[in-house]
Amino acid sequence: MDTKGMILWAVLLVICAAVYLASLRMKKQIEEIGIETTGVISRITDVGGPDEIDLRYYARYRTEDGEEVEGILSNSGSDLEEGQQVRLKYHPKYKTNARLVR
């Protein structure tokens, strides 16, 4: 591999690491300062390829200021169904990022 290729791989690794660290930070902030509420599983989508299943769970809930939002659940389990009521915490600044309260 030439120098240009190695540099591109290094840049890609740095970007991936930054995204991963930002995700961890968001999850930690939700646990620490998240606002707890009740929501309903609004939809479940499969974003996997033709040979794999990769489900994304979304919940619809009201924020403390009365706004109704749909957020993605970052710690969902396979035992959830559409229409199911759940307890969750959402990030006060990024309201569409939520985690289930377990």
Side-chain angles (χ1 to χ4, degrees):
M1 183 180 292
D2 64 346
T3 304
K4 189 175 184 179
M6 290 175 54
I7 291 172
L8 287 175
W9 273 109
V11 168
L12 179 63
L13 285 173
V14 168
I15 291 170
C16 289
V19 168
Y20 177 74
L21 291 174
S23 174
L24 287 178
R25 183 171 178 249
M26 177 74 69
K27 290 175 186 177
K28 184 178 178 184
Q29 286 180 347
I30 291 172
E31 292 297 326
E32 292 175 352
I33 63 172
I35 299 168
E36 195 167 326
T37 190
T38 301
V40 174
I41 301 299
S42 55
R43 63 187 167 112
I44 302 169
T45 60
D46 183 359
V47 294
D51 297 330
E52 67 178 304
I53 296 174
D54 185 9
L55 299 177
R56 297 282 193 265
Y57 294 83
Y58 296 84
R60 186 165 296 284
Y61 50 92
R62 287 203 180 276
T63 62
E64 67 181 351
D65 59 0
E67 179 183 4
E68 186 174 316
V69 298
E70 182 180 55
I72 189 165
L73 297 175
S74 61
N75 68 331
S76 56
S78 61
D79 58 336
L80 299 173
E81 298 177 7
E82 282 188 43
Q84 180 179 346
Q85 191 172 30
V86 292
R87 295 291 301 157
L88 55 87
K89 280 186 174 183
Y90 66 90
H91 195 287
K93 186 173 180 183
Y94 309 104
K95 297 175 183 175
T96 59
N97 292 308
R99 294 182 59 78
L100 291 176
V101 174
R102 297 192 187 249

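Starting from 1, each residue takes its place in the sequence as its number.
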Nearest 0.5 Å, please: how far is [atom2] in [Y] from [atom1] in [X]?
X: Ile35; Y: Thr37; atom1: CD1; atom2: OG1; result: 9.0 Å
X: Arg99; Y: Lys28; atom1: CZ; atom2: NZ; result: 13.0 Å
X: Arg43; Y: Arg60; atom1: CZ; atom2: CZ; result: 8.5 Å
X: Glu31; Y: His91; atom1: CD; atom2: NE2; result: 11.5 Å
X: Leu8; Y: Asp2; atom1: CG; atom2: CG; result: 8.5 Å

Treat each ILVMFWY residue as a node, draw an edge where side-chain heavy atoms are under 4.5 Å apart, and state whether [X] and [Y] are in one component.
X: Leu12; Y: Tyr20; answer: no
X: Val86; Y: Leu55; answer: yes
X: Val14; Y: Val11; answer: no
X: Ile53; Y: Leu73; answer: yes
X: Ile41; Y: Val69; answer: yes

Show your working on salt bridge (charged side-chain N to carboxylate O under 4.0 Å, His left out) between Glu67 and Arg62 and close with a plain yes or no.
CA-CA 5 Å; Glu67 179 183 4; Arg62 287 203 180 276; over 6 Å; no
Short side-chain to backbone donor-acceptor contact, [X] and [Y], under 3.5 Å:
X: Ser42; Y: Tyr58; value: yes
X: Lys95; Y: Tyr90; value: no
X: Asp46; Y: Asp54; value: yes
X: Gln84; Y: Glu81; value: yes
X: Asn75; Y: Leu100; value: yes

Contact summary for [X] and [Y], nearest pair of heavy atoms:
X: Tyr61; Y: Gly39; result: CB-CA, 3.9 Å
X: Leu88; Y: Ala98; result: CD1-CB, 4.1 Å
X: Gly34; Y: Pro92; result: CA-CD, 4.3 Å

Quick check: do Ile44 and Glu82 have side-chain heavy atoms less than 4.5 Å from each other?
yes
Any side-chain heavy-atom pair from Ile72 and Tyr57 closer than 4.5 angstrom?
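No - every pair of side-chain heavy atoms lies 4.5 Å or more apart.
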Taking it one step at a time, do Glu36 and Arg87 satisfy salt bridge (charged side-chain N to carboxylate O under 4.0 Å, His left out)?
CA-CA 7 Å; Glu36 195 167 326; Arg87 295 291 301 157; 3.0 Å; yes
Evaluate the side chain to side chain donor-acceptor pair (under 3.5 Å) criterion for residues Thr45 and Arg56: first the C-alpha distance (whole Å), next the side-chain angles of each, then the deciding distance (0.1 Å), finally the verdict.
CA-CA 5 Å; Thr45 60; Arg56 297 282 193 265; over 6 Å; no
